[in-house]
Amino acid sequence: MVLRFLIKQGISVIPKTSKKTRMIENFNVFDCSLSAEDREILSALDTNKSSFSWTNY
């Protein structure tokens, strides 16, 4: 669901996995949909702070 949410937000996503079942799940990201409530919950998680050290000064 998070992959779907990020793609819908226009964010490029590169999922990492070596498991075939997870790869299939990642390819089938468009087989699901998010409710407005789900989108609001996920949007509320955004802290506007990067998880990458080169941008956290």
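One-based numbering along the sequence shown. The analysis underlying the following values was restricted to heavy atoms, covering all of them including side chains, and did not include hydrogens, waters or symmetry mates.
When the side-chain contact (heavy atoms from CB on, under 4.5 Å) test is applied to E37, the partners found at least two apart in sequence or on another chain are S35, I41. Legend: residues meeting side-chain hydrogen bond (donor to acceptor under 3.5 Å, both in side chains) with S43, ordered by chain and number and at least two apart, are absent.
Looking only at side-chain heavy atoms (C-beta outward), V13 and V29 stay at 4.5 Å or farther from each other.
Applying the side chain to side chain donor-acceptor pair (under 3.5 Å) test to residues at least two apart or on different chains, the pairs with a partner in residues 14-32 are R22-E25.
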Throw together a table of side-chain donor-acceptor distances under 3.5 angstrom for residues 4-11, partners on residues two or more places apart or in other chains.
residue, atom, partner, partner atom, Å
R4, NE, C32, O, 3.4

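L45 and L3 fall within a single hydrophobic cluster, where Ile, Leu, Val, Met, Phe, Trp and Tyr side chains are chained together by heavy-atom contacts under 4.5 Å.
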